[in-house]
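Some notes on the structure that comes next.
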Amino acid sequence: MPRLAAVGELFARRDQPYQGADIETARKLVGMLWGLSAALSAAFLAMASPDISLGDAGWPAAILIVALSAAGARWVFDSDFGFGQLLMISYLGLAQTALLQWLAGGAAPYRALFLLWLGSGVGVHNARRGALFIPVVVAFGSLPLLYSDAPHTGIGIATDAMLWVAIGLALLFLIERVRTQRAQMMSIERDARERAEEAVKKVRGLEAVADAALAHLPFDELLSELLARVSHVLEVERAAILLHDEERQCLTVNAARGPGAEFAQSRRVPLGTGIAGRVAAERQPVFVEDIGSDPLPASVVWQDRVRSVLAVPLLVEGARVIGVLQVGTSEDRSFSDNDAQLLQLAADRLAVAIDRARLNEQAHHIAATLQRSLLPSRTPEVPGLELATRYQPGADGTQVGGDLYDIVPYSDGRVGLAIGDVVGRGIEAASLMGQIRNSLRAYAMEDDRPEQVVERLNLLMHHWQQDRIATLSYLVLDPCDGHITFATAGHLPPLVLGPDGSATYLEGGEFVPLGVLPFGGYTAGEAVIKPGSTVLLYTDGLVEERGMSIDDGLDRLRDAIQRAPADPDAMCDYLLAEVPPNGAAGDDVAVLATRLVPVDLTKLDLKLPAEPESLALMRRSLERWLGSIGVPDEVAYELKVACGEACMNAVEHAYPPGDSVFEVHALNLGANVEIVIRDFGFWRPPRAGSERGRGLELMKRLTDSMKVVPGSEGTTVHLLKSVRVRQEAAA
């Protein structure tokens, strides 16, 4: 019975009847048999003349048949025939062989050619067609019985027929067996290739999950990108990462992907509750094929939006659970052990990446906090100037850098601007940066000459003996006339953007970095800028690019500042986005932008600390404004004295100890100037026997009108004076 079943299977109809066959080999086999047939036919013509049936006309016919056979062999070799066409050629070969045999009167040699065509029909085609071809060969080979009366013809034909049937059946079973095995091997190879391709795809997915470049992404972007890659590897439409919240002792959904992701965000799962909670508590994968029928409570991540869920723990160092990685599908899916192992492997790599990102983010936060604590906490307000500063940690951001900047206001209205960079990174570099900044501020208050400030810092660096160097640029700017003095210790030159949009680097005042030489040699450079100009100080992280000349970076900065907004704050943001390669600097960057504001000829507004040091700044600012609108010097002097007396009263009388401010507003009325001084405190009653109180009388004499308006929120003093405006100023 098994053998009968095998025979039945052999002749059964199939969707792919030629499965396991090789069409290229079949073409070559049929072409070769055509060639052999032509060669043997030519040889048999000498043994059995083809002139029996047609006489001498048989020779041309036989030669034509042989020639066509030879040409047909070449034709089949070069063709792209299918199996059906090859079968028709085999039948044609039987016909031409039978014709040759008839021309020779049924001579025996030609019967040997039928064996070639038996191989062509049975050896190339499937069992059903091959079995039909065997009796056709026998029929063509038996045709001499109809026209030949040669002795023993019947016996020879019968003998050959039995041989053809035996050989045909043997070939039939053998070829079919080989083809079946070949089809099985091809199927196995195809399945193995598909599995290998799938494995390669998943390995690449895992490599993507463990991509080192992900470590530089912000934490939230890292989680989102990891979920996208895991979903692609596992071919699921939903995925979520739940991280362990140690304070609340629960799992929090930090990232979710797929339908319902908005619902899942920030959801909490108590440990031991639901799918994710159980995974975190038991540290083992959990697979639920149908959430609706499973007794385990569904996770609140998606509620009823999924049917099949696979969740694995996120383990660090094989023991500490930092969260759960959960994937799900809306259709029933039987996740295999391989899927669970693959997801766990991805989770292990994910856990390392998440833990590393957390540490990097924490280190980045600590580094940035420490760095900013060593830099000025606020930007002071300087009349006549607009100031903006920026500090941006490098791409790594996990170590504090040595970049520094500072703004030193002088009592006379000038301002000192400093920028520098300590070579190296880490706590030592940051500590030295803090020491340099504090020392610079002290030296700058003692001596306002930039070259002397830098000189003393260089000597101090050698006194510390820290074997480090630092670059520094210190610049003093006078808002009244735009005069600049500066000294540079190995730092990049200041960049000035003029009101006409042209940008140039300041030259002069250059010497070696701090800490290089134990002696001085620093000199000052000078320049004058026009109102509306901007001075930019920066560290090398803004323009430096590995493998490129620093000159290229300086050219890039000069081009960018000419396109930047005029406002210093907007300018700093623009330059930080445009100048560094790919918008992200590899090193720390400090930027300080100072714009010399054009004088507003209609008004002057000042808001100053209620301190005696502010009076000199007020006088300088008022003097600049009055001179700009053309007030004569003697009139300007009287207004400065009167305004100074009112401001002194505000500073001395209107405030208790602490941080407070007062305001000065001057208005150009054409022929008159009005000045309003306002404080926000309260006036203390005069002490007994005090000689004070003459300030009001002085203000009355120096102005045309003086009025004091006390109130619950402070006191306002109004001063009005007639001025003679110069013709050139009026024009």
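Computed from a prediction, not measured in an experiment: that's the story for all the values here.
Looking at V661 and K607, their side chains come closer than 4.5 Å, going by heavy atoms from C-beta outward. V535 places a side-chain heavy atom less than 4.5 Å from the side chain of L475. Contact annotation: the side chain of L314 approaches that of I241 to within less than 4.5 Å [non-hydrogen atoms, C-beta and beyond]. V382 has its side chain within reach of L387: a pair of non-hydrogen atoms, C-beta onward, lies under 4.5 Å apart. The closest side-chain heavy-atom distance from D588 to Q392 is not below 4.5 Å. Between L385 and L596, some side-chain heavy-atom pair lies under the 4.5 Å cut-off. L514 has its side chain out of reach of T471: every pair of non-hydrogen atoms, C-beta onward, lies at least 4.5 Å apart. For the pair M618 and L606, the minimum side-chain heavy-atom distance is below 4.5 Å.
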**Request:** Begin from the C-alpha positions of H491 and S473 and carry the test side chain to side chain donor-acceptor pair (under 3.5 Å) through to its verdict.
**Result:** CA-CA 6 Å; H491 202 77; S473 183; over 6 Å; no
**Prompt:** Under the side chain to side chain contact (heavy atoms under 4.5 Å, CB included) criterion, do L417 and Y405 qualify, and how do the steps go?
**Reply:** CA-CA 8 Å; L417 307 172; Y405 65 84; over 6 Å; no
**Request:** Check the pair T602 / N668 against side chain to side chain donor-acceptor pair (under 3.5 Å), numbers first and verdict last.
**Result:** CA-CA 5 Å; T602 62; N668 182 6; over 6 Å; no
**Message:** Checking D559 against R556 for the side chain to side chain contact (heavy atoms under 4.5 Å, CB included) test, could you report, in this order, the C-alpha distance in whole Å, the side-chain angles of both residues, the deciding distance, and whether it holds?
**Reply:** CA-CA 5 Å; D559 294 340; R556 193 166 60 247; 5.8 Å; no
**Request:** Under the side chain to side chain contact (heavy atoms under 4.5 Å, CB included) rule, what do L576 and L542 come out as? Steps first, then yes or no, please.
**Result:** CA-CA 7 Å; L576 286 173; L542 182 66; 4.0 Å; yes
**Item:** side chain to side chain contact (heavy atoms under 4.5 Å, CB included) between H483 and V476, worked out
**Value:** CA-CA 8 Å; H483 183 264; V476 176; over 6 Å; no
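A salt bridge links R558 and D555; the closest N-O separation between the charged side-chain nitrogens and carboxylate oxygens is under 4.0 Å. Residues R620 and D478 are paired through a salt bridge, judged by an N-O separation under 4.0 Å between the basic side chain and the carboxylate. Residues R456 and D447 are not paired through a salt bridge, judged by the lack of any N-O separation under 4.0 Å between the basic side chain and the carboxylate. Using a 4.0 Å cut-off between a side-chain N of Lys or Arg and a carboxylate O of Asp or Glu, D406 and R437 qualify as a salt bridge. In this structure, E623 does not pair ionically with R619, as no charged nitrogen and carboxylate oxygen lie closer than 4.0 Å.
Between Y574 and A560, the shortest heavy-atom distance links the atoms CE2-O, 3.4 Å. What you find for A489 and Y522 is that their closest heavy atoms are CB-CE2, 3.7 Å. The nearest pair of heavy atoms linking M571 to L497 is CE-CD2, 3.8 Å. Nearest heavy atom pair, residue P383 against residue L608, reads CG-CD2, 4.1 Å. Taking every heavy atom of both residues into account, I407 and R441 meet most closely at O-NH2, 2.8 Å. Of all heavy-atom pairs between I419 and A590, the closest is CD1-O, 3.6 Å.
Listed for the R624 side chain is a donor-acceptor partner under 3.5 Å among the backbone atoms of P479. Side-chain atoms of W625 never come within 3.5 Å of backbone atoms of V599 as a donor-acceptor pair (strictly under, hydrogens ignored). A donor-acceptor pair under 3.5 Å is absent between the side-chain atoms of R257 and the main chain of A240, judged by distance alone. Panel note: side chain D421, backbone T539; no donor-acceptor pair is recorded below 3.5 Å. A donor-acceptor distance shorter than 3.5 angstrom exists from the side chain of S439 to the backbone of Q435, with no hydrogens or angles considered. For N458 (side chain) and G515 (main-chain N/O), a donor-acceptor pair under 3.5 Å exists by modelled atom type. Side chain of R595 to main chain of E386: no donor-acceptor pair is present (N/O by atom type, distance under 3.5 Å, no hydrogens or angles). Put simply, the side chain of S533 gets close to the backbone of K530: a donor and an acceptor are under 3.5 Å apart. Although no hydrogens or angles enter the test, the distance criterion places a donor-acceptor pair under 3.5 Å between the side chain of H462 and the main chain of L517. W464 places no side-chain N or O within 3.5 Å of a backbone atom of L459 that could act as its donor or acceptor partner.
Exactly one residue among V717, L626, L639 makes a side-chain contact (heavy atoms from CB on, under 4.5 Å) with I675. That residue is L639.
Here T389 contributes atom OG1 and Y391 contributes atom OH; the two are 12.5 Å apart, rounded to the nearest 0.5 Å. The structure places SG of C572 at 7.5 Å from CG of L592, a figure rounded to the nearest 0.5 Å. One distance of note links OH of Y474 with CZ of R449; it measures 12.5 Å at 0.5 Å rounding. Distance check: R678 CZ to C647 SG gives 14.0 Å after rounding to the nearest 0.5 Å. Separating the CZ atom in F662 from the CD1 atom in I677 is a distance of 9.0 Å, to the nearest 0.5 Å. Between the CE atom in M433 and the CZ atom in R468 there is a gap of 12.0 Å [rounded to 0.5 Å].
Atom CD of Q562 has more than 12 heavy atoms from other residues, nucleotides or ligands within 6.0 Å.
Aromatic ring pairs are classed by plane angle as parallel below 30°, tilted from 30° to 60° and perpendicular above 60°; the pair Y538 and Y505 is perpendicular.
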